[in-house]
Amino acid sequence: MNDPFDFSDDYLEPAQPAPVQGPPSYVETLNPEQRMAVEETDGPVLVLAGAGTGKTRVLTTRLAYIMDHGLAYAGEIMAVTFTNKAAAEMKERVAALLGRPVEGWWLGTFHALAARMVRAHAEVVGLTSNFTIIDTDDQIRLLKQIMEAEFIDEKKNPARNLMGVIQRWKDRGLTPEKVSPGEGAAYADGAAVRIYKIYQERLRLNNACDFGDLLLHVLTIFAEQPQILEQYQRRFRYVLVDEYQDTNVSQYLWLRLLAKQHRNICCVGDDDQSIYSWRGAEVANILKFEKDFPGAKVIRLERNYRSTAHILGAASGLISYNEDRLGKTLQPQSKDDAIKVRVESLWDGESEARFVGDEIEALQAKGESLNEMAILVRAGFQTREFEERMITLGLPYKVVGGLRFYEREEIRDAIAYLRVVNQPNDSLALERIINKPSRGFGPKTKGLQTLLEYARKSQISLYSAAMTLVDTDELSPKARTSLRDLLAQFELWRSLKDGLDVDDLVGQILDESGYMDWRIAETKKQKDMKAQGRVDNLKELVSGLKEFESLNEFLEHVSLVMEVQDRADDAKVTIMTLHAAKGLEFDNVFLPGWEEGTFPNQRALDESGNSALEEERRLGYVGITRARKRSIISYALRRRVFGQYNDMLPSRFVSELPEPHIETGGETGTPSGDYGGGNYGYSKFGDNPQRFTYRGKSENRPQKLVTIDAFDVTVSEAPDGGFRKGDHVRHGKFGSGVVLNVDGNKLDIAFASGGRKKVIDSFVEKI
DNA sequence: ATGCCTTCGGTTTTT
DNA sequence: CCGAAGGCAT
């Protein structure tokens with residue numbers, strides 16, 4: 001990374017090799033569009049680079065070309081990326097093309113380059129050049145303090161939400177003064193702008209700023225001191241931007257200002273892969289590029305070197321339903337068109353995981369490497385069921401972005417408690433949790449040393465040592481008492497072990513030991529994401545235990561899991577979110593959970609309507625196009641019931657799919673509605689409202705029986721002889737169901753709970 | 001047995 | 001915005 005304190009203008013010294021005459025060899029291997037994108041160095045250029053069309057190659061070649069041809073010195077070039085990883089890759093690849101490292105250019109992330117500028121002119125915004133950049137935790141903490149002092153009810157307006165509002169304002173280049181009164185009034189009863197203002201003042205007093213400020217401050221500096229802006233405008237002969245579709249308004253304004261003098265701005269991106277609107281990205285930036293930069297050349301890279309024709313066809317089909325797009329069609333270069341994109345309907349999440357697992361094994365048997373397989377999900381919690389399946393099958397896997405479940409600290413702690421209950425002499429486990437929560441036996445305390453030493457000398461387990469020493473005065477009175485309590489608890493739990501269900505037992509252990517409370521307290525104290533997830537993970541562990549007959553069986557399972565995972569350096573299946581998968585590629589990609597509510601995500605749809613649906617489609621497009629050979633989409637017909645409530649049994653642990661429970665009752669005229677401590681559901685759609693109970697656990701949830709004309713439903717995989725018993729079907733209003741009986745054209749269908757809206761019709765079926 | 005009202009929780013993440 | 005579930009009244 002560039003030294004932020006290096007403001008030297010050394011770029012004026014032409015310490016560069018002589019310009020190359022004629023096109024360098026690395027240009028000649030490009031296809032015509034790519035070459036145009038490299039050689040078009042006069043005026044604004046928008047390169048619309050579809051998935052797999054050689055975007056990075058164009059970017060890096062263009063930079064090398066500019067320098068090789070002496071069009072600019074390194075110091076006159078600015079190249080902006082979103083991630084440090086992308087910046088590092090660019091640096092390396094340009095050096096490789098040029099055959100020498102490049103010094104003195106402005107290559108880095110938006111934030112790094114903006115920080116460099118703010119540091120150079122910090123006094124303009126009331127800071128000194130050594131200001132601190134604070135992280136999310138600090139932001140929230142500061143905001144909380146302010147809210148408290150300003151008597152804002154944290155219950156009604158959580159600091160996190162308000163922080164989000166302020167951040168979105170910053171993304172749009174709005175200082176507190178610039179927020180429109182109407183918008184300001186919309187949040188926290190109109191207090192948001194006031195809080196924002198105080199927040200900014202407090203940051204300034206601390207000589208600090210947050211990430212959003214880096215861009216915002218540069219804009220302020222440029223506005224207040226135009227001569228500073230001019231200096232940069234003169235300097236940057238060429239501006240290059242990666243992932244332009246992900247820029248927010250601040251970043252856009254910044255780029256526009258900087259490129260004003262020489263107008264040599266080249267933005268590379270793909271409007272069809274804009275998936276970060278929720279953190280301020282504006283697809284509109286790329287859509288209106290030609291308007292913002294008059295005379296701009298738009299170059300489309302549509303030759304796709306990655307995927308088969310089928311994959312590109314499916315992806316294009318899906319994305320073509322979006323209205324807000326510039327439009328381009330990927331042209332397959334691959335000759336391999338043997339395999340179609342597969343869309344598979346399963347009954348529930350568990351069978352879906354089983355399906356994916358079986359397919360992976362089948363592909364592996366065909367000689368496909370696990371390294372070339374990925375399972376891409378919409379949301380992080382979905383990774384669990386696939387993890388569980390991989391474990392059962394003994395397939396090595398890795399979860400990108402987050403530790404694997406059983407490796408997480410809190411889960412290992414909980415398991416350590418169980419190991420001690422099961423087997424008191426498991427000294428490692430006892431040592432792990434003896435001070436969690438704090439019992440006066442921290443790692444370096446006298447108490448723990450005494451115990452360990454005694455155990456070692458007497459050649460007995462830590463637990464036995466503890467049993468002996470609590471009756472002596474070797475330990476401090478306080479430590480002795482807490483240890484005695486703990487030992488008593490372990491005895492109690494051990495006595496309960498065989499009488500209780502595993503999940504109840506573990507719930508009790510986590511409660512009585514104080515471990516859960518300890519973690520909850522930590523959650524409240526430090527609001528960081530990791531601590532937040534811990535309590536949820538523990539609850540999930542407990543609910544997941546229902547499938548185990550005994551504590552022993554569970555511990556056996558865990559140790560087997562650990563063993564599978566311990567095989568290092570093996571080929572592994574990758575499990576991650578669609579967002580994390582952007583920019584990556586695999587031979588075989590699984591895309592599970594393509595059912596309404598999950599993907600496209602219901603909440604996004606509720607919040608942002610059609611524009612959210614378009615973004616969900618783009619996510620789907622990103623997903624499908626990750627694959628070189630196979631994209632395998634699947635969806636569960638029966639709606640999943642994932643942990644909206646943490647103690648609810650997630651469907652992946654339901655050992656056996658319950659038979660559809662049909663309730664034909666509900667004579668005409670039966671009152672319908674909501675009933676005693678639960679809700680009676682009723683069919684909102686049929687002519688004769690069907691009554692059905694709608695309470696209790698998911699596995700007891702009944703289905704809804706409806707007789708429907710066969711012409712009104714679609715079947716996922718059309719059988720030859722018409723509809724058969726057991727076919728999975730979809731209906732526009734009722735959602736998904738299974739055929740129970742066929743009578744001519746009339747079908748008796750059990751639909752999954754509730755009436756589902758028909759988003760899938762605008763999504764999956766468009767492939 | 002029936003119904004109204006309230007509360008709670010719910011995606012994606014880099015800098 | 002919506003669904004699940006708890007409280008409470010009748």
Side-chain angles (χ1 to χ4, degrees), chain A residues 1 80-87 108-115 133-136 139 155-156 158 160-161 164 167 170-171 209-216 243 246-248 250-251 274-281 376-383 400-402 528-530 532-533 536 539 576-583 593 596-609 612 615-616 618-620 622-623 639-648 670-682 684 691 693-698 700-701 753-757:
Chain A
M1 197 52 44
V80 207
T81 63
F82 270 87
T83 63
N84 288 314
K85 193 176 153 216
T109 64
F110 276 97
H111 295 276
L113 297 183
I133 301 169
I134 64 167
D135 63 17
T136 318
Q139 287 183 47
K155 275 238 167 70
K156 235 173 114 199
R160 196 159 281 277
N161 293 357
Q167 233 147 6
K170 290 187 176 182
D171 288 340
C209 67
D210 62 24
F211 282 111
D213 281 338
L214 293 173
L215 266 300
L216 202 60
E243 305 278 16
D246 288 336
T247 51
N248 62 35
S250 292
Q251 291 159 339
S274 169
I275 55 175
Y276 284 108
S277 72
W278 48 274
R279 60 179 202 210
L376 309 182
V377 295
R378 171 68 239 259
F381 66 83
Q382 290 172 277
T383 60
V400 174
D528 75 284
M529 301 249 281
K530 254 196 225 146
Q532 280 299 306
D536 293 341
K539 287 184 179 168
M576 63 181 154
T577 64
L578 287 157
H579 282 91
K582 197 170 99 167
E596 53 194 285
T598 307
F599 185 41
N601 179 277
Q602 189 59 51
R603 200 163 148 196
L605 260 35
D606 288 344
E607 271 165 25
S608 315
E615 181 144 326
E616 297 289 300
R618 292 194 288 266
L619 253 188
V622 168
R639 186 170 68 180
R640 299 161 200 241
V641 188
F642 273 116
Q644 206 190 118
Y645 288 86
N646 291 317
D647 57 352
M648 188 185 269
T670 309
S672 56
D674 179 17
Y675 166 60
N679 308 323
Y680 252 134
Y682 54 95
K684 296 171 187 167
R691 208 168 113 226
T693 51
Y694 199 62
R695 60 189 315 197
K697 303 244 154 112
S698 56
N700 299 327
R701 182 175 303 177
S753 62
R756 308 271 305 275
K757 290 152 222 141

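- Classification of the His579(A)-Trp278(A) ring pair by plane angle, with boundaries at 30° and 60°, yields perpendicular.
- Just one of Asp213(A), Ile133(A), Val80(A), Leu215(A) meets the side chain to side chain contact (heavy atoms under 4.5 Å, CB included) condition when paired with His111(A); it is Leu215(A).
- Note: Glu607(A) CD to Gln602(A) CD = 10.5 Å, rounded to the nearest 0.5 Å.
- In this structure, Arg279(A) places its CZ atom 8 Å from C1' of dT15(B), rounding to the nearest Å.
- In this structure, Gly212(A) reaches neither bases nor backbone, as no heavy-atom distance under 4.0 Å exists between it and the strands shown.
- Among the nucleotides dT11(B), dT14(B), dC2(C), the one closest to the side chain of Arg603(A) is dT11(B).
- Looking only at distances, a side-chain donor or acceptor of Glu615(A) sits under 3.5 Å from a matching main-chain atom of Ser277(A).
- For Lys582(A) and dT12(B), the NZ to P distance is 17 Å, given to the nearest whole Å.
- Considering only side-chain atoms of His579(A), the nucleotide from dT12(B), dT15(B), dT14(B) that sits closest is dT12(B).
- Between the CG atom of Leu619(A) and the P atom of dT13(B) there is a distance of 10 Å, given to the nearest Å.
- The separation of dA4(C) from dT12(B), taken at their C1' atoms, amounts to 24 Å, rounded to a whole angstrom.
- We find that the ring of Phe211(A) and the base of dT14(B) do not stack by the test of centres under 5.5 angstrom and planes tilted less than 30°.
- To the nearest angstrom, P of dT14(B) lies 14 Å from CD of Gln167(A).
- When rounded to the nearest whole Å, the span between CZ of Phe381(A) and C1' of dG9(B) equals 12 Å.
- Under 4.0 angstrom from either OP1 or OP2 of dT14(B) there lies no side-chain N or O belonging to Thr109(A).
- Side-chain proximity of Trp278(A) to the nucleotides dT14(B), dG10(B), dT12(B) is greatest for dT12(B).
- Across the P atoms, dC2(C) and dT13(B) are found 26 Å apart, a figure rounded to whole Å.
- On a pure distance criterion of 3.5 Å, a polar donor-acceptor pair joins the side chain of Arg378(A) and the base of dT12(B).
- Between the P atom of dT11(B) and the CG atom of Leu605(A) lies a distance of 14 Å, rounded to the nearest Å.
- Here the side chain of Ser250(A) pairs a donor or acceptor atom with the backbone of Asp171(A) at under 3.5 angstrom.
- Distance from the side chain of Asp606(A) is smallest to dC1(C) among dT14(B), dC1(C), dT15(B).
- With C1' as the reference atom, dA5(C) and dT11(B) are 23 Å apart, rounded to whole Å.
- One atom, CZ of Arg160(A), and another, C1' of dG9(B), lie 15 Å apart when rounded to the nearest Å.
- Note: CG (Leu215(A)) to P (dT14(B)) measures 17 Å, nearest angstrom.
- Side-chain N/O atoms of Asn84(A) include none lying less than 4.0 angstrom from OP1 or OP2 on dT14(B).
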